[in-house]
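These notes concern the structure reproduced below.
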Amino acid sequence: MSKLRFTIDGKPCTAEPGQTIAEAAKANAVYIPTLCHYEGLPPVGSCRVCTVRSGGRYMASCTQVVTDGMAIENMVPDLEDMRRAIIEMLFVEGNHMCPTCEKSGNCQLQALAYRYQILVPRFPFQFPGRHIEAVAPKILLEHNRCIQCLRCVRSVQTKDGRKVFAQRDRSKKRKIDVDAKLAAGLTDEEVRKAMDICPVGSILMKEIGFAVPIGERKFDREPIGSDIEKGPER
Ligand code: FES
(Lines give C-alpha, C1' and ligand atoms only; values in the text may rest on other atoms or scores of the structure.)
Protein backbone atom coordinates (compact mmCIF):
# COMPACT_ATOMS: atom_id res chain seq x y z
CA MET A 1 0.00 0.00 0.00
CA SER A 2 1.31 3.46 -0.84
CA LYS A 3 2.27 5.97 1.81
CA LEU A 4 -0.17 8.56 3.12
CA ARG A 5 0.65 12.23 2.73
CA PHE A 6 -0.27 14.77 5.37
CA THR A 7 1.12 17.89 7.01
CA ILE A 8 1.99 18.92 10.56
CA ASP A 9 2.05 22.70 11.02
CA GLY A 10 2.54 22.95 7.26
CA LYS A 11 5.48 20.53 7.11
CA PRO A 12 4.90 17.81 4.48
CA CYS A 13 5.00 14.35 6.11
CA THR A 14 4.32 10.77 5.09
CA ALA A 15 2.89 7.86 7.07
CA GLU A 16 2.34 4.15 6.69
CA PRO A 17 -1.34 3.22 6.55
CA GLY A 18 -2.52 2.47 10.10
CA GLN A 19 0.17 4.57 11.78
CA THR A 20 -1.01 6.86 14.55
CA ILE A 21 -0.34 10.59 14.31
CA ALA A 22 2.15 10.35 17.21
CA GLU A 23 4.08 7.52 15.55
CA ALA A 24 4.09 9.21 12.16
CA ALA A 25 5.12 12.56 13.65
CA LYS A 26 8.10 10.89 15.34
CA ALA A 27 9.08 9.20 12.08
CA ASN A 28 9.00 12.65 10.43
CA ALA A 29 11.15 14.27 13.15
CA VAL A 30 8.23 16.22 14.61
CA TYR A 31 7.84 16.18 18.38
CA ILE A 32 4.38 15.84 19.85
CA PRO A 33 4.55 15.58 23.65
CA THR A 34 3.14 12.37 25.14
CA LEU A 35 2.84 11.09 28.68
CA CYS A 36 0.52 8.11 29.09
CA HIS A 37 1.72 6.66 25.80
CA TYR A 38 4.62 4.20 25.75
CA GLU A 39 5.96 2.76 22.56
CA GLY A 40 4.99 -0.88 22.18
CA LEU A 41 2.01 -0.71 24.55
CA PRO A 42 -1.56 -0.33 23.33
CA PRO A 43 -2.42 3.40 23.61
CA VAL A 44 -5.23 4.43 25.96
CA GLY A 45 -5.42 8.16 25.23
CA SER A 46 -5.96 9.12 28.86
CA CYS A 47 -3.69 12.10 29.60
CA ARG A 48 -4.50 14.19 26.47
CA VAL A 49 -1.09 15.87 26.53
CA CYS A 50 -0.66 14.74 22.92
CA THR A 51 -3.80 16.51 21.68
CA VAL A 52 -3.55 17.96 18.16
CA ARG A 53 -6.15 19.49 15.87
CA SER A 54 -7.19 18.67 12.33
CA GLY A 55 -10.12 20.19 10.47
CA GLY A 56 -11.17 21.93 13.69
CA ARG A 57 -11.40 18.61 15.56
CA TYR A 58 -9.29 17.88 18.63
CA MET A 59 -7.81 14.40 18.85
CA ALA A 60 -5.31 12.40 20.89
CA SER A 61 -2.44 11.82 18.51
CA CYS A 62 -1.42 8.59 20.27
CA THR A 63 -4.73 6.90 19.37
CA GLN A 64 -5.84 8.64 16.14
CA VAL A 65 -4.49 7.14 12.93
CA VAL A 66 -3.33 9.33 10.05
CA THR A 67 -5.64 9.73 7.09
CA ASP A 68 -4.49 10.92 3.68
CA GLY A 69 -4.47 14.70 3.26
CA MET A 70 -4.79 15.56 6.97
CA ALA A 71 -3.55 19.04 7.92
CA ILE A 72 -2.55 18.73 11.56
CA GLU A 73 -1.97 21.63 13.93
CA ASN A 74 0.54 20.82 16.65
CA MET A 75 2.80 23.59 17.96
CA VAL A 76 0.21 26.34 17.92
CA PRO A 77 -0.25 28.67 20.91
CA ASP A 78 -3.67 27.49 22.10
CA LEU A 79 -2.76 23.79 21.93
CA GLU A 80 0.55 24.44 23.65
CA ASP A 81 -1.25 26.34 26.40
CA MET A 82 -3.74 23.49 26.81
CA ARG A 83 -0.85 21.04 27.19
CA ARG A 84 0.79 23.36 29.71
CA ALA A 85 -2.50 23.47 31.66
CA ILE A 86 -2.73 19.65 31.73
CA ILE A 87 0.84 19.39 33.04
CA GLU A 88 0.09 22.04 35.67
CA MET A 89 -3.04 20.13 36.72
CA LEU A 90 -1.04 16.94 37.14
CA PHE A 91 1.40 18.79 39.38
CA VAL A 92 -1.24 20.33 41.64
CA GLU A 93 -3.30 17.14 41.81
CA GLY A 94 -0.48 15.12 43.40
CA ASN A 95 2.45 15.78 45.70
CA HIS A 96 5.53 16.16 43.53
CA MET A 97 8.69 17.11 45.40
CA CYS A 98 11.18 17.00 42.52
CA PRO A 99 14.36 17.88 44.45
CA THR A 100 14.02 14.79 46.65
CA CYS A 101 12.65 12.37 44.07
CA GLU A 102 14.71 9.40 42.93
CA LYS A 103 13.30 9.88 39.43
CA SER A 104 14.41 13.51 39.08
CA GLY A 105 16.12 13.90 35.72
CA ASN A 106 14.48 10.72 34.42
CA CYS A 107 10.90 11.91 35.04
CA GLN A 108 8.83 12.77 31.98
CA LEU A 109 6.42 14.96 33.91
CA GLN A 110 9.32 17.03 35.27
CA ALA A 111 10.94 17.13 31.83
CA LEU A 112 7.70 18.42 30.29
CA ALA A 113 7.43 21.06 33.00
CA TYR A 114 10.91 22.25 32.03
CA ARG A 115 10.01 22.23 28.35
CA TYR A 116 6.89 24.30 29.05
CA GLN A 117 8.79 26.52 31.50
CA ILE A 118 6.30 25.97 34.28
CA LEU A 119 7.23 27.82 37.43
CA VAL A 120 3.97 28.45 39.29
CA PRO A 121 0.87 26.49 38.21
CA ARG A 122 -2.27 28.51 37.52
CA PHE A 123 -4.32 26.10 39.67
CA PRO A 124 -4.27 25.80 43.46
CA PHE A 125 -2.32 22.90 44.95
CA GLN A 126 -4.58 20.16 46.29
CA PHE A 127 -2.09 18.52 48.68
CA PRO A 128 -3.98 15.20 48.72
CA GLY A 129 -3.33 12.83 51.61
CA ARG A 130 -1.71 9.83 49.97
CA HIS A 131 0.62 7.19 51.26
CA ILE A 132 3.62 5.15 50.24
CA GLU A 133 3.09 1.41 49.93
CA ALA A 134 5.93 -0.97 50.67
CA VAL A 135 4.08 -4.32 50.71
CA ALA A 136 5.86 -5.79 47.68
CA PRO A 137 9.32 -7.11 48.57
CA LYS A 138 11.19 -5.25 45.84
CA ILE A 139 8.81 -2.41 44.96
CA LEU A 140 7.95 0.85 46.63
CA LEU A 141 4.72 2.36 45.35
CA GLU A 142 4.67 6.14 45.81
CA HIS A 143 1.03 7.16 45.40
CA ASN A 144 1.85 10.84 45.87
CA ARG A 145 3.47 10.93 42.44
CA CYS A 146 1.15 8.63 40.48
CA ILE A 147 -0.49 10.30 37.46
CA GLN A 148 -2.74 7.33 36.57
CA CYS A 149 -1.24 6.80 33.14
CA LEU A 150 -1.77 3.04 33.51
CA ARG A 151 1.50 2.20 31.81
CA CYS A 152 2.30 -0.25 34.65
CA VAL A 153 -1.13 -1.88 34.44
CA ARG A 154 -0.74 -2.35 30.69
CA SER A 155 2.80 -3.65 30.73
CA VAL A 156 3.97 -5.41 33.90
CA GLN A 157 2.96 -9.05 33.84
CA THR A 158 4.20 -12.34 35.22
CA LYS A 159 5.54 -15.00 32.87
CA ASP A 160 2.08 -16.61 32.71
CA GLY A 161 0.45 -13.30 31.74
CA ARG A 162 -1.05 -12.18 35.06
CA LYS A 163 -1.08 -8.44 35.68
CA VAL A 164 1.04 -7.27 38.62
CA PHE A 165 -0.61 -3.83 38.82
CA ALA A 166 -4.29 -2.97 38.65
CA GLN A 167 -6.55 0.02 39.00
CA ARG A 168 -8.72 0.28 42.08
CA ASP A 169 -11.76 2.52 42.80
CA ARG A 170 -12.97 5.45 40.73
CA SER A 171 -12.84 9.21 40.53
CA LYS A 172 -10.75 10.91 43.25
CA LYS A 173 -10.27 7.61 45.07
CA ARG A 174 -8.80 5.92 42.02
CA LYS A 175 -5.42 4.39 42.72
CA ILE A 176 -2.98 1.84 41.46
CA ASP A 177 -2.72 -1.40 43.36
CA VAL A 178 0.16 -3.83 43.32
CA ASP A 179 -0.31 -7.56 43.86
CA ALA A 180 2.48 -8.18 46.37
CA LYS A 181 2.57 -11.94 45.77
CA LEU A 182 2.88 -11.60 42.01
CA ALA A 183 5.37 -8.74 42.38
CA ALA A 184 7.53 -10.98 44.60
CA GLY A 185 8.09 -13.25 41.61
CA LEU A 186 9.51 -10.50 39.41
CA THR A 187 13.22 -10.56 38.69
CA ASP A 188 15.37 -7.51 39.48
CA GLU A 189 15.49 -6.74 35.78
CA GLU A 190 11.69 -6.83 35.53
CA VAL A 191 11.37 -4.51 38.54
CA ARG A 192 13.88 -2.13 36.95
CA LYS A 193 11.83 -2.20 33.75
CA ALA A 194 8.64 -1.42 35.70
CA MET A 195 10.45 1.53 37.28
CA ASP A 196 11.54 2.76 33.84
CA ILE A 197 8.06 2.38 32.34
CA CYS A 198 6.58 4.60 35.06
CA PRO A 199 6.92 8.15 33.65
CA VAL A 200 7.21 9.63 37.15
CA GLY A 201 8.73 8.39 40.41
CA SER A 202 5.80 6.28 41.50
CA ILE A 203 7.31 2.81 41.06
CA LEU A 204 10.68 2.54 42.72
CA MET A 205 13.01 -0.37 43.27
CA LYS A 206 13.75 -0.86 46.94
CA GLU A 207 17.29 -0.65 48.31
CA ILE A 208 18.64 1.20 45.29
CA GLY A 209 18.73 4.96 45.11
CA PHE A 210 20.55 7.66 43.22
CA ALA A 211 22.86 5.14 41.50
CA VAL A 212 23.17 7.75 38.74
CA PRO A 213 23.71 11.17 40.35
CA ILE A 214 21.18 13.93 39.68
CA GLY A 215 22.58 16.11 36.94
CA GLU A 216 23.76 13.14 34.86
CA ARG A 217 20.38 11.63 34.05
CA LYS A 218 18.50 11.37 30.76
CA PHE A 219 16.70 14.70 30.76
CA ASP A 220 19.55 16.46 32.58
CA ARG A 221 21.65 15.76 29.49
CA GLU A 222 19.05 16.47 26.83
CA PRO A 223 15.63 18.15 27.06
CA ILE A 224 12.60 15.98 26.34
CA GLY A 225 11.72 15.81 22.66
CA SER A 226 15.06 17.03 21.37
CA ASP A 227 16.09 13.54 20.23
CA ILE A 228 12.97 13.39 18.03
CA GLU A 229 13.40 16.92 16.72
CA LYS A 230 16.96 16.10 15.68
CA GLY A 231 15.60 13.35 13.43
CA PRO A 232 17.04 9.88 12.83
CA GLU A 233 20.84 9.61 12.87
CA ARG A 234 22.37 9.19 9.43
FE1 FES B 1 -1.83 10.57 24.09
FE2 FES B 1 -1.67 10.54 26.75
S3 FES B 1 -0.07 10.48 25.32
S4 FES B 1 -3.42 10.79 25.52
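Order of appearance sets the numbers: ligands from 1, and atoms from 1 within every ligand. It should be emphasised that the depicted structure is a prediction, and the values quoted were computed from it without experimental measurement.
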Considering non-hydrogen atoms of the protein only, which is the closest contact for atom 4 (S) of ligand 1, and what is the distance?
Arg48 N, 3.1 Å
Taking the basic N atoms (NZ, or NE/NH1/NH2) and the acidic carboxylate oxygens, is any pair closer than 4.0 Å for Glu80 and Arg115?
no
Check ligand 1 against His37 and write out every atom of the ligand that is under 4.0 Å from a heavy-atom position of the residue.
3 (S)
Can an N, O or S atom be found in Cys50 less than 2.8 Å away from atom 2 (Fe) of ligand 1?
no
Tell me whether Cys62 has at least one N, O or S atom under 2.8 Å from atom 1 (Fe) of ligand 1.
yes
Under the 3.5 angstrom rule, does the side chain of Arg83 hit a backbone N or O of Val49 as a donor-acceptor pair?
yes
Between Arg151 (side chain only) and His37 (backbone N and O only), is there a donor and an acceptor less than 3.5 Å apart?
yes
Should the proximity of Leu35 to ligand 1, defined as any heavy atom under 4.0 Å, be assigned to the side chain, the backbone, both, or neither?
backbone
Could you tell me whether the side chains of Ser104 and Gln110 share a donor-acceptor contact shorter than 3.5 Å?
yes
Atom CZ of Arg162 with >12 non-hydrogen neighbours under 6.0 angstrom
no
Short version for Ala22: what comes under 4.0 Å of ligand 1, heavy atoms counted, is neither
Quick check on contacts: which atoms of ligand 1 are under 4.0 angstrom from a heavy atom of Gly45?
4 (S)
Do you see an N/O/S atom of Cys47, backbone or side chain, under 2.8 Å from atom 2 (Fe) of ligand 1?
yes
Would you call Asp177 and Glu133 a side-chain contact if the rule is heavy atoms closer than 4.5 Å?
yes
Under a 4.0 angstrom heavy-atom cut-off, which atoms of ligand 1 come close to Ser46?
4 (S)
Given side chains that start at C-beta, do those of Ile132 and Asn144 come closer than 4.5 Å, heavy atoms only?
yes
